[in-house]
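A short worksheet on the structure shown next.
When a ligand or atom number is given, it counts from 1 through the structure's own listing order.
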Amino acid sequence: MSSFVFTKKIKVWTFVLSIKYNYYTEILLMSSQNIYILGIESSCDDTAASVIYNGKILSNVVASQKVHSEYGGVVPELASRAHQQNIVPVVHQALEKANINKSQLSAIAFTRGPGLMGSLLVGTSFAKSFAYGLNIPLIDVNHMQAHILAHFIDEEGFDKPEFPFLAMTISGGHTQIVKVDGYFDMDVIGETIDDAVGEAYDKSGKVLGLGYPAGPEIDKRAQLGNPKAFKFTKPRVDGLNFSFSGLKTAILYFVQREVKSDPDFIAKNLNDICASIQYTIIGILIDKLKLATKQTGINQIAIGGGVSANSGIRQALKDGEHKFGWKTYVPKFEFTTDNAAMIAIVGYLKYFEGDFADQSITASARLKI
Ligand code: KG4
Ligand code: ZN
């Protein structure tokens, strides 16, 4: 063996060993301390608090605001007021369920954005004051990163994705495809240019006279109907971006036209209409995922957000495992919709990087990944 090849081999081994050394020292460091993080989430209409201890969730409390259902959507002013009412009892409950005292907390993590400004301000101000009072670090968290990093919560029966992977976040407020190369190394490679996918469900539901949020009911009815009964055109959007506002209008005009000739059209065809809407929406999501895997060469896909509860998307992802060789990840439901456990896990990861915020930090409604 020439001395050149030998030196090269030694260098490679030194490199591999140093990576392994860093990895194991990090794990050892994490497990030798007792780290309790309180996570706080208030970006939209859920007031939530969670305690995580060394990577394990001890409590995950969510107070969902019922007040919006009678308006058919989230009313920002009412959301802020409800957060203000709920935040102290919710945090109190999270500490109680975790069976710890506030003096044991190592840091407070909170959602800085994106979201509704009035809602974010409540969680942000509360977190700042609490951390200040307890004299412990404050950690700001990006809500969209948190939806993705929820996959790293320790939970029996749920595998964690390996880097790099693609994350698709689908909810009432977001629709994104993100390339994830590391915990904090993420690139948004596609997103909606108008409505979020959950909004497409909720607004179509409104046209059909369903309650808010309509996603779960459309999903339930879709499973009883014929997905090909009615055809809705898929929007043409370049690359990995999405558009859902045209679909909503197409459904509205279709229903108005049909009801004109038969006033009972909705009642007679509700399951078939729901199945056809779901078939179109899932088709749009899967088409973009196919393109994203092709463009990036990554075939691990993790989903998050309220719409990932949908039976159609879950089945389509499972089918993708056989058809396209994907490996797919769907988190436990309680970590999928807006929750504070996902904020706490990001807080935990940032704690070890010493990535803390100072007391001058402000909420940011349009915070980007
Ligand atoms: O993540 P989430 O709880 O809150 C945010 O919007 O951030 O998501 C709520 C959204 C709503 O639009 C709701 O209609 C939709 O998720 N959703 C569903 C299903 N369950 C919830 N959409 C389709 N199928 C479902 N099974
Ligand atoms: Zn969310």
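- Restricting Asp338 to its N/O/S atoms, the shortest distance to the Zn ion (ligand 2) is reached by OD1.
- Annotation: atom 26 (N) of ligand 1 to nearest protein heavy atom, Asp219 OD2, 3.0 Å.
- In plain terms, the two heavy atoms of Cys44 and His83 that are nearest each other are O-NE2, 2.8 Å.
- The shortest distance between side-chain heavy atoms of Lys327 and Asp159 falls below 4.5 Å.
- Considering only non-hydrogen protein atoms, atom 15 (C) of ligand 1 sits nearest to Val307 CG2, 3.8 Å.
- Looking at Tyr329 and Gln300, their side chains come closer than 4.5 Å, going by heavy atoms from C-beta outward.
- Below 4.0 Å from some heavy atom of Gly215 lie the following atoms of ligand 1, by number and element: 14 (O), 18 (C), 19 (C), 22 (N), 23 (C), 24 (N), 25 (C).
- Closest protein heavy atom to atom 7 (O) of ligand 1: Asp338 OD2, 3.0 Å.
- In Glu353, the CD atom is crowded: over 12 heavy atoms of neighbouring residues, nucleotides or ligands sit closer than 6.0 Å.
- Each of the atoms 13 (C), 14 (O) of ligand 1 lies under 4.0 Å from some heavy atom of Pro213.
- Residue Gly173 has at least one heavy-atom neighbour below 4.0 Å for each of these atoms of ligand 1: 6 (O).
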Item to complete: Apply the test side chain to side chain donor-acceptor pair (under 3.5 Å) to residues Asn310 and Gln278: give CA-CA distance (whole Å), side-chain angles for both, the deciding distance (0.1 Å), then the verdict.
Response: CA-CA 9 Å; Asn310 184 269; Gln278 178 133 313; 2.9 Å; yes

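- Annotation: angle subtended at the Zn ion (ligand 2) by His147 NE2 and His174 NE2 is 100°, to 10°.
- The closest non-hydrogen atom to atom 24 (N) of ligand 1, taken over Ile218, Ile281, Asn310, Ile170, comes from Asn310.
- Between Thr111 and Leu120, the shortest heavy-atom distance links the atoms O-CD2, 3.8 Å.
- Listed here is the closest heavy atom pair of Ile189 and Leu240: O-CB, 3.3 Å.
- Atom NZ of Lys318 has 12 or fewer heavy atoms from other residues, nucleotides or ligands within 6.0 Å.
- Of all the atoms in ligand 1, the ones that sit under 4.0 Å from a non-hydrogen atom of Ala309 are 26 (N).
- The distance from ligand 1 to the heavy atoms of Gly172 drops below 4.0 Å at these ligand atoms: 5 (C), 6 (O), 8 (O), 9 (C), 10 (C), 12 (O).
- Put simply, part of His174 is less than 4.0 Å from ligand 1, judged by heavy atoms.
- Put simply, the side chain of Asp264 never gets that close to the backbone of Asp262: no donor and acceptor are under 3.5 Å apart.
- Every atom of ligand 1 is numbered from 1 in the order shown, and the set under 4.0 Å from a heavy atom of Gly198 is 12 (O).
- Aromatic rings of Phe152 and Phe163 (six-membered ring for Trp) have centroids within the 6.0 Å cut-off, being under it.
- Within the 4.0 Å heavy-atom cutoff, Cys44 does not count among the residues contacting ligand 1.
- The distance between the ring centers of Phe265 and Phe254 falls below 6.0 angstrom.
- Under a 4.0 Å criterion applied to the non-hydrogen atoms of Ser171, ligand 1 contributes the atoms 1 (O), 5 (C), 6 (O), 7 (O), 8 (O).
- With respect to atom 14 (O) of ligand 1, the closest heavy atom belonging to the protein is Asp202 OD1, 2.7 Å.
- Proximity to Thr337 (heavy-atom distance under 4.0 Å) selects the following atoms of ligand 1: 1 (O), 3 (O).
- Among all protein heavy atoms, the one lying closest to atom 1 (O) of ligand 1 is Gly306 N, 2.9 Å.
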